[in-house]
Amino acid sequence: MSTDTPVLEAQIGGGDYQFGFHDPTDKYVFQSRKGIDRQIVQQISEMKNEPAWMREFRLEALDIFFQKPMPTWGGDMSGLNFQDIYYYVKASAGQEKSWDDVPEDIRKTYDRLGIPQAEKQYLAGVKAQYESEVVYGSLQEDLAKQGVLFTDTDSAVRDHPDLVREYFGTVIPSADNKFAALNSAVWSGGSFIYVPPGVKIEFPLQAYFRINTQNMGQFERTLIIVDEGASVHYVEGCTAPTYSSDSLHSAVVEILVKRGGRCRYTTIQNWSNNVYNLVTKRAKAYGDSLMEWVDGNLGSKLTMKYPAIYLMEPGARGETLSIAFAGKGQHQDAGAKMVHCAPHTSSRVISKSISKDGGRASYRGLVKATHDAHHCKSNVVCDALILDPHSRSDTYPYIEVNQDNLTIEHEASVSKIAEEQLLYLMSRGMTEAEASAMIVTGFIEPLVKELPMEYAVEMNRLIELQMEGSVG
Amino acid sequence: MSSLLKITDLHVAVDEKPILKGVSLELRQGEVHALMGPNGSGKSTLAYTLVGHPKYEITSGTIEIDGTNINELDPCERARLGLFLAFQYPVTIPGVKVADFLRHAVTNIRNPERKEGEGLIPMREFRKELKERMEELGMDLEFARRYLNEGFSGGEKKRMEILQLAMLQPKFALLDETDSGLDSDAVRVVSEGLKKLSGPQMGSLIITHHERLLEYNVPQFTHVMLAGKIVETGDAELAHELHNHGYAAIRERHPAEAAEEQERQAKAQTANAGI
Ligand SMILES: Nc1ncnc2c1ncn2[C@@H]1O[C@H](COP(=O)(O)OP(=O)(O)O)[C@@H](O)[C@H]1O
Ligand SMILES: [Mg+2]
């Protein structure tokens, strides 16, 4: 009873977007000019004092980015102009050691996002990405003693070059897709985590991301290596201020889970309505390991995100839980990819989407098995809830299998809020809006209960906010 | 002063098909009424209409609480005025925990002026009360953590309705076949439960086919419905008689309504045969 009670009692003020505030931008230490070319990429690399190999990596990726055509499937990207975006903004002079050292206005922003509270209890560490650089980070000492590395990716390139160089770009090569190439060319910030063999981190590691400059892209790059028999839960949450012109968020997340390891990556994203959120996330899971993506997508103009798991060796398991909420003017094109590259691997996808006020939620999923991947199991369940006749939900399940000896189950359901359910709740004193919110909250509860407590609360608040004034 | 629920010459249609054809009834706080009648006579329709089911359209007549017409109020507003229906077929609300649901319901009913998002009743107080009520009804406390009616047996669903009744303490409780589909043990629990909750603060309208519920909750009035009308009103003895001898005598005494009932059934049969 303790985790769910605040569900519907959140008091959310007026306005469209609770976190729609922003800080004055004249304090920026460095801001590149708009647009993208070799010079900008070189400048980013220079500003970061990077080794030559990373500069080369970026420039190569830039060529690929220019060569690749825009995807023609998914959502409408016609409003996106790559030359009208700032690719690099550095908000403070350097990496801060403690909360008190973080510049005042940045701190204020985080206070309003509730980060210090979130840190208090059982968080092992907090990484707050402000714009393109990580400005604040802390990691509990005992973790450091166990050899766990948790830092921003820029620092990791500097401080752990061998480790980074070995894995960077190996899970998601720059040539994977246009946006992965773009990220590889201009990436900045993101988290780097290395968990040594056998080390099990009991508490979720957390990071917050935010976009705060008009027309500024955010291209964080995250790399997580979970060594043999180790485990980690990484949590990332996003809120962004509202701006009138379009912004681009295009992250790359690469994860390796070695033999017997476990990794759970939880994301809640709530971008403002003008953001294009085009993210590439992929994990490779080796023998007897478990990789889980928990992915909540709210807000944004267009989200295209299909967390992938490559099951590389027997006994590997992959699981993706995703929630998408598409409101007015929003298109959530989200899903999951499960690639069975070895026999005796299993995968599970549970996807829940809600669309309302003309929003569109699409599930796009791929289950693939290579020719020698026999005795594999895959189970996909997609439930869509459509709240009004103007809204839309689609399911695009793709199955590519060259094998007989495997089980693939796919179930999809689309529902509306039943009149009888509304009546039942209203006859117990719930207003129509309250009753609808309760039904929606219940619909996503199987996923929300997988979130750390404060994220569950936040998720339910966001749903409440989205439901506010939806009916009546 | 005790409150009065007054139904006057109520006509109700579903999908433009008339179902209730002039029902009048007065239910006071503290009174127990039984509502009986053959299947399809309109008992559930009356109950749904009273709580404001949007499908049931009042074509004429009034529903009043203490002189105020509530015809146009939505189910939420009516609930906050003290109306409660224990549903014949309670629906499942997946993912919503019983305790969470009840805490919201109790808060809203006790503070009828509450707006969405305003505070809930204190957790400790609520938990204590919930625990007590559940123990009285012999319910496992684990139920509070389950999702509302999800995977509940028939008996568990009915008990859940009685638990809600106990927590919400309405002025007017309508019970629609709360005792049907239960084994005799469950019927006893529900009957005793209702008896305990009854008192000067609650008026109840009990829709039932069985004796047991009425043995524990002896009605001062028994109403008999036939073809959308209340054709007779008597005392507890009438309920007893109907239970022992069925509706043949009623139909004999009210040939017009009986004919109408037959006609309706015949129509329904041809409609079904057509499928
Ligand atoms: N939602 C509905 N849609 C269509 N017909 C209905 C609906 N509810 C009730 N009816 C019809 O109204 C009549 C009375 O039904 P009901 O009120 O359920 O009777 P009872 O509860 O006395 O068995 C029946 O003919 C039934 O078919
Ligand atoms: Mg009935």
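Chain letters run A, B, ... following the sequence lines, proteins first and then strands; every chain starts at 1.
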Checklist entry - Quick one: does B/R78's side chain get under 4.5 Å of A/M426's, heavy atoms only? => result no

Next on the checklist: Can you tell me how the ring of B/F87 sits relative to the ring of A/Y424, calling it parallel under 30°, perpendicular over 60° and tilted otherwise?
Outcome noted: tilted

Checklist entry - Is there a side-chain contact between A/T431 and B/R80 (heavy atoms, below 4.5 Å)? => result yes

Checklist outcome for this item: Okay, B/I93 and chain A: the region with an atom under 4.5 Å from a heavy atom over there is both

Item to check | B/R146 atom CZ: more than 12 heavy-atom contacts under 6.0 Å | outcome: yes

Item to check | Most contacts with chain A, counted as non-hydrogen pairs under 4.5 angstrom, among B/L85, B/V51, B/L168, B/T107 | outcome: B/L85

Checklist entry - Between NZ of B/K55 and CD of A/E419, what distance do you get to the nearest 0.5 Å? => result 6.5 Å

Checklist entry - What part of B/L148 is in contact with chain A, defined as an atom under 4.5 angstrom from a non-hydrogen atom: side chain, backbone, both or neither? => result side chain

Checklist entry - Tell me, side chain or backbone of B/P90 under 4.5 Å from chain A's heavy atoms, or both, or neither? => result both

Checklist outcome for this item: Here the pair of heavy atoms bringing B/C76 nearest to A/G429 is SG-O, 3.6 Å

Next on the checklist: Using a 6.0 Å cut-off, check whether atom OH of A/Y396 has over 12 heavy atoms from anything other than its own residue.
Outcome noted: yes

Next on the checklist: Quick check: closest heavy atoms across A/M438 and B/F101, and the distance to 0.1 Å?
Outcome noted: CE-CA, 3.9 Å

Item to check | Between CZ on residue A/R428 and CD on residue B/Q164, distance to nearest 0.5 Å | outcome: 4.5 Å

Item to check | Flag for A/E445-B/Y147: side-chain donor and acceptor within less than 3.5 Å | outcome: yes

Item to check | For A/L423 against B/P75, the heavy-atom pair lying closest together | outcome: CD1-CG, 3.8 Å

Checklist outcome for this item: Value for CD (A/E434) from CZ (B/R114), rounded to nearest 0.5 Å, stands at 4.5 Å

Checklist entry - Given that the side chain runs from C-beta out, which part of B/N111 has a heavy atom under 4.5 Å from chain A: side chain, backbone, both or neither? => result neither

